[in-house]
Protein chains: 2
Amino acid sequence: MTHPGTAPARRRPGIPDATVARLPLYLRALHALADEGVTRVSSDELAARVGSAGSPAKVRKDLSCLGSYGTRGVGYDVEQLVASISAELGLARRWPVVIVGVGNLGHALAGYGGFASRGFAIAALFDADPARLGEVVGGLPVRPMADLPVVVGEQGGAIGVIATPAEAAQDVCDELVAAGVRSILNFAPTGLQVPDGVDVRKVDLAVELQILSFHEHRKAARQVVPA
Amino acid sequence: MTHPGTAPARRRPGIPDATVARLPLYLRALHALADEGVTRVSSDELAARVGSAGSPAKVRKDLSCLGSYGTRGVGYDVEQLVASISAELGLARRWPVVIVGVGNLGHALAGYGGFASRGFAIAALFDADPARLGEVVGGLPVRPMADLPVVVGEQGGAIGVIATPAEAAQDVCDELVAAGVRSILNFAPTGLQVPDGVDVRKVDLAVELQILSFHEHRKAARQVVPA
DNA sequence: GTTTGTGAAAGGATTCACAGCA
DNA sequence: TGCTGTGAATCCTTTCACAAAC
């Protein structure tokens, strides 16, 4: 910190991306700790809980971005950290999520309980296939794409989830952006072009497997030709 | 390259992780190009196809790890690159995948066509719930966890996918490792402890949304208090 | 002229290691 | 004594920029 002795926490002129990506993992672990009745945790313990992505030094550096919520010689207050990270991630508000594409994956997402418990509310489901319209999935009716701007407008913004086949993804993406969505989670196995100011994160199941495949392949090679 | 004029491609004393994570994206884009009948591609064009994760310089550096498969002034041969990346990722072989947990998400994964077309074969489905045993999902019967070592043994190794609730994930992970699985894709929202030599990749849907939430939150703040 | 391949520079992220505080 | 907070050092990644090759 630049100078000591003033307000307890000043922080945050830009949190590194790598840290932002880990804050949700800490939050997850802290909620689990809270459920177990634990009230204090050290950087060592928290790192262990997070698994392979965590080291004690990383935990401390990451958390120091939020201000000083730890006590030397003792550790961090679980409840306080939960509050601080939640605030930083913008989870004070419950974000509306719209899911486009109600195939296999869309169904699974619509039925996933983990969203509600972690700050998100599924606001609506959409599908381009007229045959699916009106079908009720996870308690919500499937709506036509034409309704998208209305729903996003009503919600005052939303996070968009693309769960369509690859061929449809760019069109859907364009429609989401036109409707005012500025954050998109893309499950379709294709890259998306978006204007500045729109964030896209992608999850491609086959890509994850291929990365594992690379390492598995290497391990196998190492056994045959050791050293 | 250290010295010119010898064999056409020498390569690969360790590919950086960041590059490994992008090779599947290039492969995806190249397959799409091939389907369109395109036979040559430049680093600029490939970068554009990959979307936000690509820059021409990155493409060139990444591909240079595989050896020299480009032609200056012309670009890369699509077919040759597909072959070269596939080989590097170990996709000559079709990897068996075992899925544990046949809930919402497990169903979606079992029914996902994208695995087969991209180098993977679902070898078996498992669930700890006796009520689900024998149920047929995506053409495969749900089997008891006790069968896991047999199946992994028969296949000579496999990639494990954990699609269970968080509470069960660590136990399932231990069983997978005990059965000989050394590469795991974890969809359960919890960190996993694994011994050395086992790779874990994780996909947590709520975590992805929370990262988007952070940026959305920031964007909103920026509008209210503009610089 | 065009586009690759690659050193060199710049920018981030992680780890180290220890001062500072409870 | 124990554990946080943090500069310094290290490592990894990305970008730049240009010579070499077509």
Side-chain angles (χ1 to χ4, degrees), chain A residues 1-23 25-26 38-78 80-81 84, chain B residues 1-23 25-26 30 38-78 80-81 84 211:
Chain A
M1 215 149 282
T2 25
H3 63 120
T6 46
R10 195 44 45 120
R11 84 265 137 87
R12 237 183 332 164
I15 298 182
D17 283 350
T19 295
V20 171
R22 280 187 300 262
L23 289 179
L25 303 181
Y26 300 145
V38 177
T39 61
R40 279 198 306 265
V41 67
S42 69
S43 56
D44 273 54
E45 209 173 312
L46 188 48
R49 289 282 186 141
V50 163
S52 48
S55 83
K58 246 190 281 191
V59 168
R60 294 200 297 276
K61 260 255 153 75
D62 287 344
L63 295 185
S64 78
C65 290
L66 313 182
S68 297
Y69 288 102
T71 307
R72 295 173 201 230
V74 177
Y76 299 89
D77 183 273
V78 171
Q80 209 171 23
L81 258 195
S84 164
Chain B
M1 209 152 284
T2 26
H3 64 118
T6 46
R10 193 49 42 118
R11 87 265 136 90
R12 238 183 333 164
I15 297 182
D17 284 350
T19 295
V20 171
R22 280 187 298 263
L23 289 179
L25 304 182
Y26 300 145
L30 288 163
V38 177
T39 62
R40 277 197 307 262
V41 67
S42 69
S43 55
D44 273 54
E45 208 173 314
L46 189 48
R49 290 282 186 141
V50 163
S52 50
S55 83
K58 246 189 283 191
V59 168
R60 293 200 297 275
K61 259 252 153 79
D62 286 343
L63 296 184
S64 78
C65 290
L66 314 181
S68 298
Y69 288 101
T71 308
R72 296 172 200 229
V74 178
Y76 298 90
D77 182 274
V78 171
Q80 209 171 21
L81 258 195
S84 163
I211 295 172

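We use all heavy atoms of the structure for the numbers below, so side chains are in, but hydrogens, waters and symmetry mates are not. Every chain is numbered from 1 and lettered A, B, ... according to where its sequence line falls, protein lines coming before strand lines. Owing to the predicted nature of the structure, the values given are computational and were not obtained by experimental measurement.
We find that CZ of A:R60 is positioned 11 Å from C1' of C:dC18, with the value rounded to whole Å. The CG atom of B:L63 sits 15 Å away from the C1' atom of D:dT14 (whole-angstrom rounding). Rounded to an integer number of Å, the gap from CG of A:D62 to C1' of D:dG5 is 13 Å. The distance from atom NZ of B:K58 to atom C1' of C:dG5 is 18 Å, rounded to the nearest whole Å. Rounded to whole angstrom, the span from the CD1 atom of B:I15 across to the P atom of D:dT14 amounts to 14 Å. Regarding A:L81, its CG atom lies at a distance of 14 Å from the C1' atom of D:dG5, rounded to whole Å. B:Y76 places its OH atom 18 Å from the P atom of C:dT2, with the value rounded to the nearest Å. Taking atom CZ of A:R22 as the reference point, atom P of C:dG12 lies 15 Å away to the nearest angstrom.
Contact record, A:V38 with A:R40: CG1-O, 3.2 Å, taken as the closest heavy-atom pair. Contact record, A:L25 with A:V50: O-CG2, 4.1 Å, taken as the closest heavy-atom pair.
Against DNA chain D, the stretch residues 40-54 of chain A makes heavy-atom approaches under 4.0 Å through A:S42, A:S43.
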Return a table of donor-acceptor pairs under 3.5 angstrom between the side chains of residues 15-23 of chain A and protein atoms on other chains or two or more places apart.
{"from": "A:T19", "atom 1": "OG1", "to": "A:D62", "atom 2": "OD1", "distance (Å)": "2.7"}
{"from": "A:R22", "atom 1": "NE", "to": "A:D62", "atom 2": "OD2", "distance (Å)": "2.7"}
{"from": "A:R22", "atom 1": "NH2", "to": "A:D62", "atom 2": "OD1", "distance (Å)": "3.0"}
{"from": "A:R22", "atom 1": "NH2", "to": "A:D62", "atom 2": "OD2", "distance (Å)": "3.2"}

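Contact annotation: B:S55 reaches the phosphate of D:dT15 (side-chain N/O to OP1 or OP2, under 4.0 Å).
No side-chain heavy atom of B:Y69 sits less than 4.5 Å from a side-chain heavy atom of B:L63. Using a 4.5 Å cut-off on side-chain heavy atoms (C-beta onward), B:Y76 and B:R60 make contact.
Proximity of a side-chain donor or acceptor of B:K58 to a complementary backbone N or O of B:A53 within less than 3.5 Å is detected.
Considering OG of A:S43 and NZ of A:K61, their distance stands at 13.0 Å, rounded to 0.5 Å.
A donor N or O paired with an acceptor N or O is not found under 3.5 Å between the base of C:dT3 and the side-chain atoms of B:R72.
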Would you tabulate the nitrogen or oxygen pairs shorter than 3.5 Å linking the protein to nucleotides 8-12 of chain D?
{"from": "D:dA8", "atom 1": "N6", "to": "A:K61", "atom 2": "NZ", "distance (Å)": "3.4"}

Could you go through the side chain to side chain contact (heavy atoms under 4.5 Å, CB included) check for B:L46 and B:L30 one step at a time? CA-CA 8 Å; B:L46 189 48; B:L30 288 163; 4.3 Å; yes
